[in-house]
**Student:** 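Here you go, one structure.
Residues take their numbers from the sequence shown, with the count starting at 1. If you're wondering where the values come from, they're calculated on a predicted model, not measured in any experiment.
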Amino acid sequence: MMFALLLFASCSSDDTFNISKASSLQPAVEITSRLTLELSTDKALYAPGQTISFSVKGNLPAGAIVRYRHGADVVEEQPLSGSTWTWTAPSQDFTGYLVDIYTKNGSGETVYGTIAVDVSSDWNRFPRYGFVATYDKSKNQKTIDAEMALLNRYHINGVQFYDWHYAHHQPYTPDAVYTDIANREIDADVVRRYISAQHGYGMKSMFYNLCYGALDNASQKGVKDQWYLYKDQNHSKKDCLDMSSDWKSDIYLTDPNNTDWQKYLAAQNKDVYEHFDFDGYHIDQVGNRGTVYDFYGNTVNLPSGFANFIKAMKQAEPGKRLVMNAVANYGQLNIANTGDVDFLYSELWGGESQFADLLSILNQNRSYRPGAGQVYAAYMDYECNDKSEFNTPGVLLTDAVMFAIGADHLELGDHMLCHEYFPNSHLAMSDDLKSQLVCYYDFFTAYEDLLRVEGQQNDDDIYTTSSDVTIANWPPRLGTVTAYTKTVDDKKVVNLLNFVNANSLSWRDLKGDMPEPQQINGLTLAVKAGNVKRIWVASPDCYGGVAQELHFEKNGDRVVFTVPMLKYWSMIVIEQ
């Protein structure tokens with residue numbers, strides 16, 4: 001404590017305030033929670049002015065009140081007596097709200113259930129991307145409805161259909177039941193029922209395919225040798241992805257720059273759109289291929305080819321949406337500069353395995369296309385072949401960091417992702433992880449216009465009276481509480497991320513052994529701030545994410561307050 005006091009005093013020579021006396025500061029309103037109610041909404045996102053339908057399961061307590069908040073501001077509240085009700089979405093676009101059911105008890109409150117609402121006219125600003133990967137007859141209507149209802153509860157607003165197609169060079173086939181490249185059965189009606197269920201929730205449905213894939217029989221459908229990528233200048237060896245021997249074929253890579261290939265695949269996509277109500281095309285690639293050549297011996301610039309391919313797909317179907325994967329962020333500058341993708345999507349691997357890399361890539365991509373949403377495809381517990389469940393602490397810490405810096409995590413679908421081959425489902429979510437992720441996605445959605453806008457990153461020192469807690473500015477360091485701070489309009493947003501007990505600075509948690517953090521209670525902080533109007537804190541780890549206003553004391557150019565609790569992640573908002 002003494003070291004912290006000396007540091008604090010050294011920042012302002014005329015400062016005589018003793019930070020330790022602020023440890024007696026209590027929250028302005030005492031909150032307790034009994035999260036016994038399950039809330040749901042009928043959509044994943046809503047246009048301004050649209051009617052929002054809510055329902056609740058569980059026994060409403062006497063005196064129940066439903067409250068709608070933007071940040072810590074109460075927009076509206078009313079007594080609640082039934083299990084269903086409606087609310088009209090406010091007129092402000094691209095704004096998140098937290099709705100909670102609570103009762104008053106003297107000077108305090110008890111929270112019984114919460115849910116977020118995203119008021120956004122389009123998914124592209126705040127994407128929350130999910131997936132589906134299995135389409136056989138086991139996916140009956142009841143199963144599809146249950147899966148999509150769960151994704152809706154997580155506020156997933158777009159879904160990638162992985163390996164739904166017949167062949168990369170011929171995604172559509174008129175067969176009612178067919179096989180994909182892995183010889184898995186695909187029922188076309190299952191694909192259609194998924195799309196219909198997603199559209200009922202306002203989600204976008206995006207079909208997956210490579211930008212440059214062809215199977216070994218592609219010549220029978222008119223794919224020409226002159227369209228391929230080659231490993232040599234004499235076009236004797238096509239660039240190829242080796243697949244398992246029990247699959248239909250290896251995947252041979254075509255040149256995305258080739259205009260004839262672009263026209264060919266655009267025609268194939270037209271067949272897709274005529275027979276399936278997809279909203280757009282999720283374009284895949286496989287990363288840096290080294291030096292590759294076209295049929296005529298010219299070196300191919302693949303990132304430039306990605307951009308040309310995107311432009312051709314947009315020109316062919318201007319009303320359809322596009323998203324393109326950047327493997328290890330390869331080609332992202334060219335992808336972003338087209339302006340034709342709804343948001344930026346980066347598949348992360350060992351070269352981007354550190355928590356610090358998450359912000360570095362995000363900032364890099366924002367420099368390419370300011371204001372674009374960011375989605376990370378990042379596979380947890382990748383080497384846990386001897387386990388059956390995801391490691392909850394590893395998933396929550398990774399999501400806490402991604403969400404705190406403003407990036408979405410592609411992880412939720414008809415199971416949780418652990419592998420780049422999306423049908424791989426050998427790891428399951430525990431019930432505890434499922435329920436905690438509901439709180440995390442509620443939080444990510446409710447506070448989206450604080451978390452997901454860029455703001456101005458701030459590295460002002462933050463001090464604490466705690467003798468056993470070290471506060472460190474970004475990037476994360478083991479044994480510390482990491483502070484990622486930025487200014488959004490007139491608000492200083494301080495995200496505290498708990499690395500005190502972490503055993504690695506890699507988000508991948510390869511072996512699934514990231515330990516659960518020890519909860520820190522009563523953490524008194526001193527933060528540089530101007531004329532402070534209000535300070536509040538919220539966390540997905542307590543009270544269902546409800547904001548709690550804090551008492552504070554001003555001392556010179558700093559403000560002192562106490563954070564009641566930090567588990568994985570707490571967000572402090574200083575309104576100036």
Side-chain angles (χ1 to χ4, degrees), residues 45 47 93-95 118 120-129 157-160 202-212 254-259 261-263 265-270 272-273 278-288 300-348 358-377 405-408 410 448-449 451-455:
L45 74 170
D93 205 355
F94 302 113
T95 305
D118 177 13
S120 293
S121 57
D122 202 304
W123 77 316
N124 58 7
R125 180 80 172 273
F126 301 132
R128 295 176 296 276
Y129 210 12
N157 54 18
V159 180
Q160 175 188 157
M203 303 172 184
K204 298 296 184 188
S205 302
M206 305 288 288
F207 78 81
Y208 166 94
N209 197 5
L210 285 165
C211 68
Y212 51 11
T254 57
D255 181 0
N257 275 296
N258 188 288
T259 56
W261 165 253
Q262 294 168 3
K263 292 174 183 176
L265 199 61
Q268 296 294 321
N269 290 350
K270 184 176 181 181
V272 170
Y273 290 128
F278 283 116
D279 297 291
Y281 176 11
H282 178 100
I283 307 167
D284 198 15
Q285 50 138 308
V286 292
N288 192 337
V300 173
N301 183 324
L302 282 178
S304 176
F306 297 156
N308 291 333
F309 182 87
I310 290 169
K311 291 175 183 176
M313 295 305 105
K314 193 66 175 179
Q315 184 176 7
E317 299 284 349
K320 296 297 184 178
R321 305 304 185 93
L322 297 173
V323 173
M324 185 167 186
N325 182 15
V327 177
N329 225 39
Y330 178 67
Q332 190 69 272
L333 172 61
N334 301 73
I335 294 168
N337 282 347
T338 66
D340 288 328
V341 292
D342 275 18
F343 51 82
L344 304 184
Y345 179 107
S346 307
E347 185 178 54
L348 306 183
L358 300 175
L359 183 60
S360 297
I361 293 170
L362 178 63
N363 285 338
Q364 181 183 66
N365 290 349
R366 282 172 167 166
S367 73
Y368 298 157
R369 185 173 160 189
Q374 177 69 57
V375 173
Y376 286 137
I405 64 173
D408 178 50
L410 176 72
E448 60 192 8
D449 41 317
L451 295 171
R452 304 195 72 173
V453 299
E454 184 171 359

**Student:** Counting only N and O atoms by type, is there a donor-acceptor contact under 3.5 Å from the side chain of Lys314 to the main-chain atoms of Lys320?
**Tutor:**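 Checked: pair present.
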**Student:** So which atom in Leu302 and which in Tyr330 form the shortest heavy-atom distance, rounded to 0.1 Å?
**Tutor:**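 In this case the closest contact between Leu302 and Tyr330 is CB-OH, 3.7 Å.
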**Student:** I'd like to know whether Phe309 forms a side chain to side chain contact (heavy atoms under 4.5 Å, CB included) with Gln285, so could you lay out the CA-CA distance, the side-chain angles of the two residues, the decisive distance to 0.1 Å, and finally the verdict.
**Tutor:** CA-CA 11 Å; Phe309 182 87; Gln285 50 138 308; over 6 Å; no
**Student:** Output the distance between atom CG (Leu322) and atom CE (Met313), rounded to the nearest 0.5 Å.
**Tutor:**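 It comes to 8.5 Å.
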**Student:** CD1/Ile361 to CZ/Arg366 distance, rounded to the nearest 0.5 angstrom?
**Tutor:**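 One gets 13.0 Å once the value is rounded to the nearest 0.5 Å.
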**Student:** Distance under 6.0 Å and angle within 45° of the ring axis: does Arg125 meet both against Phe94?
**Tutor:**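 The answer is yes, since Arg125 meets both limits relative to Phe94.
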**Student:** Can you tell me if Tyr129 uses its side chain to pair, donor with acceptor, with the backbone of Val375 under 3.5 Å?
**Tutor:**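 Checked: no pair found.
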**Student:** So which atom in Pro370 and which in Ser367 form the shortest heavy-atom distance, rounded to 0.1 Å?
**Tutor:**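 Closest approach of Pro370 to Ser367: CD-O, 4.3 Å.
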**Student:** State, to 0.1 Å, how close Leu265 and Asn209 come at their nearest heavy-atom pair, and which atoms those are.
**Tutor:**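 The answer is CD1-ND2, 4.3 Å.
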**Student:** Taking the side chain from Asp279 and the backbone from Met206, do they hold a donor-acceptor pair closer than 3.5 Å?
**Tutor:**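 Not confirmed, Asp279 side chain does not pair with Met206 backbone.
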**Student:** Nearest 0.5 Å, please: how far is OG in Ser121 from CG in Asp93?
**Tutor:**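 These two atoms lie 3.5 Å from each other.
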**Student:** With a 3.5 Å distance limit and no angle check, can you tell me whether Tyr212 reaches the backbone of Val286 through a side-chain donor-acceptor pair?
**Tutor:**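 At least one qualifying donor-acceptor pair exists.
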**Student:** Between Asp342 and Lys204, is the closest basic N to carboxylate O distance under 4.0 Å?
**Tutor:**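 Judged by the 4.0 Å cut-off on N to carboxylate O distance, Lys204 and Asp342 do not form a salt bridge.
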**Student:** Where do Val341 and Leu344 come nearest, in terms of heavy atoms and distance?
**Tutor:**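 So the minimum-distance heavy-atom pair works out to CG2-CD2, 4.1 Å.
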**Student:** Report yes if some heavy atom in the side chain of Asn325 is under 4.5 Å from a heavy atom in the side chain of Gln160; otherwise report no.
**Tutor:**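 Heavy-atom side-chain distance check fails, nothing below 4.5 Å.
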**Student:** Roughly how far, to the nearest 0.5 Å, is the CG atom of Asn329 from the CG atom of Leu348?
**Tutor:**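 Leu348 CG to Asn329 CG: 7.5 Å, rounded to 0.5 Å.
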**Student:** Verify, without hydrogens or angle tests, whether Asn337 (side chain) and Ala307 (backbone) share a donor-acceptor contact under 3.5 angstrom.
**Tutor:**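 No, Asn337 side chain to Ala307 backbone: no donor-acceptor pair under 3.5 Å.
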**Student:** Between Asn258 (side chain) and Trp261 (backbone), is there a donor-acceptor pair under 3.5 Å?
**Tutor:**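 A pair under 3.5 Å: yes.
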**Student:** Working to the nearest 0.5 Å, report the span between CG of Asp408 and OH of Tyr376.
**Tutor:**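 Nearest 0.5 Å value for the CG-OH distance: 11.0 Å.
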**Student:** Are the ring centres of Trp123 and Phe343 closer than 6.0 Å?
**Tutor:**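 Yes, they do, as the ring centres are separated by less than 6.0 Å.
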**Student:** If you apply the rule side chain to side chain contact (heavy atoms under 4.5 Å, CB included), what do you find for Asp118 with Arg128, and how did you get there?
**Tutor:** CA-CA 11 Å; Asp118 177 13; Arg128 295 176 296 276; 2.8 Å; yes
**Student:** Start with the C-alpha gap between Leu362 and Leu358, add the side-chain angles, then the distance that decides, and say whether side chain to side chain contact (heavy atoms under 4.5 Å, CB included) holds.
**Tutor:** CA-CA 6 Å; Leu362 178 63; Leu358 300 175; over 6 Å; no
**Student:** Of all the heavy-atom pairs spanning Pro303 and Gly331, show the shortest one and how long it is.
**Tutor:**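 Heavy-atom minimum between the residues: CB-CA, 4.0 Å.
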**Student:** Tell me if a side-chain donor or acceptor on Asp449 pairs with a main-chain N or O of Thr95 at a distance below 3.5 Å.
**Tutor:**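 It does not hold such a pair.
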**Student:** Side chain to side chain contact (heavy atoms under 4.5 Å, CB included) between Tyr281 and Val272: does it pass, once the steps are laid out?
**Tutor:** CA-CA 10 Å; Tyr281 176 11; Val272 170; over 6 Å; no
**Student:** Looking only at heavy atoms, what is the nearest atom pair of Ser346 and Gln332, with distance?
**Tutor:**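 Minimum heavy-atom contact is OG-NE2, 3.1 Å.
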**Student:** Looking only at atom types and distance, does a side-chain atom of Tyr345 sit under 3.5 Å from a main-chain N or O of Ile283, one as donor and one as acceptor?
**Tutor:**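 Flag not set: sc Tyr345 to bb Ile283 has no pair under 3.5 Å.
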**Student:** Counting only N and O atoms by type, is there a donor-acceptor contact under 3.5 Å from the side chain of Glu454 to the main-chain atoms of Asn363?
**Tutor:**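 Pair absent, no side-chain N/O of Glu454 close to backbone of Asn363.
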**Student:** Can you tell me how far apart CG (Asn308) and OG1 (Thr259) are? Round to the nearest 0.5 Å.
**Tutor:**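 Going from the CG atom of Asn308 to the OG1 atom of Thr259 covers 9.5 Å.
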**Student:** For the residue pair Met324 and Ile310, establish whether any side-chain heavy-atom pair is separated by less than 4.5 Å.
**Tutor:**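 Yes, close enough: below the 4.5 Å cut-off.
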**Student:** Looking only at atom types and distance, does a side-chain atom of Gln262 sit under 3.5 Å from a main-chain N or O of Pro256, one as donor and one as acceptor?
**Tutor:**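 Checked: pair present.
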